[in-house]
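Just so it is clear, the model here is predicted, and its values are computed rather than measured. Below, chains carry the letters A, B, ... as their sequence lines are ordered, and counting in each starts from 1.
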Amino acid sequence: MSESPAKSAMQDGLAFERPLNELQNRIDELRKLNVGSHLELTGEIEALEERLKKQTAEVYAQLSPWERVNVARHAERPLTSDYIQLMLDDFVELHGDRVFGDDRAIVTGLASMGGVRFLLVGHRKGKTVKDRLACNFGCAHPEGYRKAMQKMRMAEKWKLPIVTFINTPGAYPGIGAEERGQASAIARNILEMFDLKVPIISVVIGEGGSGGALGIGVGDRVGMLENSYYSVISPEGCAAILWKSGDKAPEAAEALKLTSKDLLRLGLVDKVIDEPAGGAHRDQKGAVERVKAQILGWLQELQALPTAELLEQRYRKFRGMGQPLPG
Amino acid sequence: MAWTRFGKKKDMPGGLWIKCESCGAMLFRKDFEQKNRVCGSCGYHFTLPARERIAITVDPGSFDELWQDLRAQDLLGFNDRVPYAEKLVQTKQKTGESDAMVCGTAKVKGVACAVGVMNFQFLGGSMGMVVGEKIALLCEHALKTRLPVVLFACSGGARMHEGAVSLMQMAKTCGALQRLNAAGVPTISVMTHPTTGGVTASFASVCDLLIAEPGALIGFAGPRVIATTIKKELPKGFQRSEFLLEKGQIDRIVPRAQLRDELGRMLAYATGADPVAAYKPQAVPATGESETPPAPEDDNPKKKPKAKKA
Ligand SMILES: [Zn+2]
């Protein structure tokens, strides 16, 4: 059980953060010394800050896809719960799928933000160890997807637009999940989302893990945070199958073209939402503000569309993804 | 979610005998093929190539293939030892198919329908842009003509080589099926061994009727992934058709030998034709496992149907 390859690769995946963190620590130290002293460190602090800013920008501009996957999974990256807390003026959580249970891996509720009301649906990963376990690390069961759809139908009836936050390694692979129709719950959601007569906005805020992500991801507008990823399979899973080795996850991440820029280039998402310098985990509030502004802009845009037009555009968008050659 | 490899080899060229994957019995090839690749000893249903599926399902001579030549683009420049673009060319040469889906219009027991059949021989029946596109085109054709749709799933899931493009085929196919729902056009899904990943989690699970062949592996996650995740042994029969039926996930299990009659019957209900007449066994293109031993005089045009171009 010592040193699983996934773990060591994971640590490597964030190695680029170390010099940045060290520099930040030095700045913090100097700041402490500077308070109420006559050491006149202000100049040095400013110089270091300038250096950190430059270095951060350089490092983040050059991240490999695998490194971005690790940023997307960063422990301090804002989660759906952070967006709820930092972005919304009001939130009323609604529980349960009315059939089997209340999957904590997906949160749903009535949300209010800047005078706009909507239904929020998001993968929930949890903050503490206990929380994370309760949320299955953001891996939802069928009841989670069915809860999402039950609330989305309610939102449709109340004429509330829908905003979904995607952040999951994938839908949960387990016995109960299969028994209760994991595949059919996801498929049903995807199909029904084409029929929802209210605007839908989806934002990939961290991990866009295959069908588990798409199960709440059929949006009129789909945005991706700059350092999030969206993929048909996890880099580890792909590496295990095609390279026969989990160690090859960095190669698989490269091959899968899973970064926000790739998805935009492939026409699979509508927009990349830039993150604050050095990633959303360095400036949670800054990241949340950007997402908020994007959502508000899109909601305004979409609410101007007649329903028939909205649904037609939604279909056309996904219909056009991946055009084969004629022969 | 993505396509993994099921039961390797089994291309079985030549050779008089075939070993059953399930019970290990040695099967006489000719007999085995006459039973449409069903083990005469244990009833195990082997994966059926798409053309053979069509031959035993539709009324002889009724199949008109559509969009036969559509082929994938390598949008990612994917390369895992062999570049994807090259892999596509090789697989086409090997299988004679341009991708993992064969679509067209046909009649089943006299009922006209739109048919799509996945081909496992083409990269594990994995769903990429061609599979997604053909299903969407078939649904759009059915929407115009109001033909009921029958889809045969046989796939390890999404095609990793097309990355998130393949993932989005789940949305493409479900969106197209949703339009048929809105228009009241009937849809039937037949899940065959194996049906997993992104195919199960999209079009295969959202048709009006969900039919499965006996013993087919049907699920979202692959059994190995689940076993690794939960670190437990999986229950016997887990993710097999019978398990899904018991858990309320599918409507019916239909053995291969009865599938054509059953489909005719269900299509008759869907379209207003007479189900009793449609269900009556007629001269079937090939015999299969049934209570009565296969009649030797059964004329058996086990030839691949000549594909017609659209
Ligand atoms: Zn057998």
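Residue with the most contacts toward chain A among Gly132(B), Gly163(B), Gly128(B): Gly163(B) (heavy-atom pairs, distance under 4.5 Å). Chain B forms the most heavy-atom pairs under 4.5 Å with one residue out of Leu263(A), Asp262(A), Leu311(A), Asp195(A), and that residue is Asp195(A). Of all the listed residues (Leu76(B), Val165(B), Thr229(B)), the one sharing the greatest number of non-hydrogen pairs under 4.5 Å with chain A is Leu76(B). Between chain A and the residues Ala204(B), Ser166(B), Ser205(B), the most heavy-atom pairs under 4.5 angstrom are made by Ser205(B). Residue with the most contacts toward chain A among Glu133(B), Met168(B), Gln73(B): Glu133(B) (heavy-atom pairs, distance under 4.5 Å). For the options Met321(A), Lys257(A), Arg319(A), heavy-atom pairs under 4.5 Å to chain B are most numerous at Arg319(A).
Heavy atoms of Leu325(A) lying under 4.5 Å from chain B belong to its backbone as well as its side chain. At a 4.5 Å heavy-atom cutoff, Glu254(A) makes no contact with chain B through either its backbone or its side chain. Within the 4.5 angstrom heavy-atom criterion, only side-chain atoms of Leu266(A), from C-beta onward, approach chain B. If you measure heavy-atom distances from Glu140(B) to chain A, the contacts under 4.5 Å come from the side chain alone. Heavy-atom distances place the backbone of Ser231(A), and not its side chain, under 4.5 Å from chain B. Proximity to chain A is absent for every atom of Ile250(B), based on heavy atoms less than 4.5 angstrom apart. Looking at Ala136(B), both its backbone and its side chain come within 4.5 Å of chain A, counting heavy atoms on both sides. Proximity to chain A (any heavy atom under 4.5 Å) is shown, for Ala176(B), by both the backbone and the side chain. Contacts between Tyr315(A) and chain B at a heavy-atom distance below 4.5 Å involve the side chain alone, from C-beta outward. With a threshold of 4.5 angstrom between heavy atoms, Arg314(A) does not approach chain B through any atom at all. Heavy atoms closer than 4.5 Å to chain B are found nowhere in Ala177(A), neither backbone nor side chain. Residue contact with chain A, scored on non-hydrogen atoms closer than 4.5 Å, is absent for Glu246(B).
Arg180(A) places none of its side-chain heavy atoms less than 4.5 Å from the side chain of Lys247(B). Within the 4.5 Å cutoff, the side chain of Lys125(A) has heavy atoms near those of the Pro169(A) side chain.
Across all non-hydrogen atoms, the minimal contact from Gly104(B) to Leu138(B) is O-CD1, 3.8 Å. Of all heavy-atom pairs spanning Phe78(B) and Cys238(A), the tightest one is CZ-SG, 4.3 Å. The two residues Val130(B) and Pro324(A) have their closest heavy-atom pair at CG2-CB, 3.8 Å. Contact between Leu258(A) and Ala253(A) at its shortest, heavy atoms only, is CG-O, 3.7 Å. Leu151(B) approaches Phe203(B) most closely through the heavy-atom pair CD1-CD1, 3.7 Å. Closest non-hydrogen pair, Ile218(B) versus Ala212(B), comes out as CD1-CB, 3.7 Å.
Gln90(B) and Lys87(B) share no side-chain donor-acceptor pair at under 3.5 Å.
Around atom CZ of Arg252(B), no more than 12 heavy atoms belonging to other residues, nucleotides or ligands sit under 6.0 Å away. With a 6.0 Å radius and a threshold of 12 heavy atoms from other residues, nucleotides or ligands, Glu233(B) has its CD atom at or below the threshold. Crowding of Lys248(A) atom NZ: a count of heavy atoms from other residues, nucleotides or ligands under 6.0 Å not exceeding 12. Counted within 6.0 Å of CZ on Arg98(A), heavy atoms from surrounding residues, nucleotides or ligands total 12 or fewer; the atom is thus considered open.
Taking the ring axis of Phe194(A) as reference, the NZ or CZ atom of Arg179(B) does not stay both within 45° of it and closer than 6.0 Å to the ring centre.
No salt bridge links Arg146(A) with Glu143(A); every basic N to acidic carboxylate O contact stays at or beyond 4.0 Å. A salt bridge between Lys151(A) and Asp97(A) is absent, with no side-chain N of the basic residue lying under 4.0 Å from a carboxylate O of the acidic one.
Contact residues of residues 197-208 of chain A toward chain B are absent (heavy-atom distance under 4.5 Å). Residues of residues 180-190 of chain B lying under 4.5 angstrom from chain A, judged on non-hydrogen atoms, are Asn181(B) in numerical order.
Side chain of Thr200(B) to main chain of Thr195(B): a donor-acceptor pair is present (N/O by atom type, distance under 3.5 Å, no hydrogens or angles).
Using cut-offs of 30° and 60° on the angle between ring planes, the pair Tyr84(B) and His161(B) is parallel.
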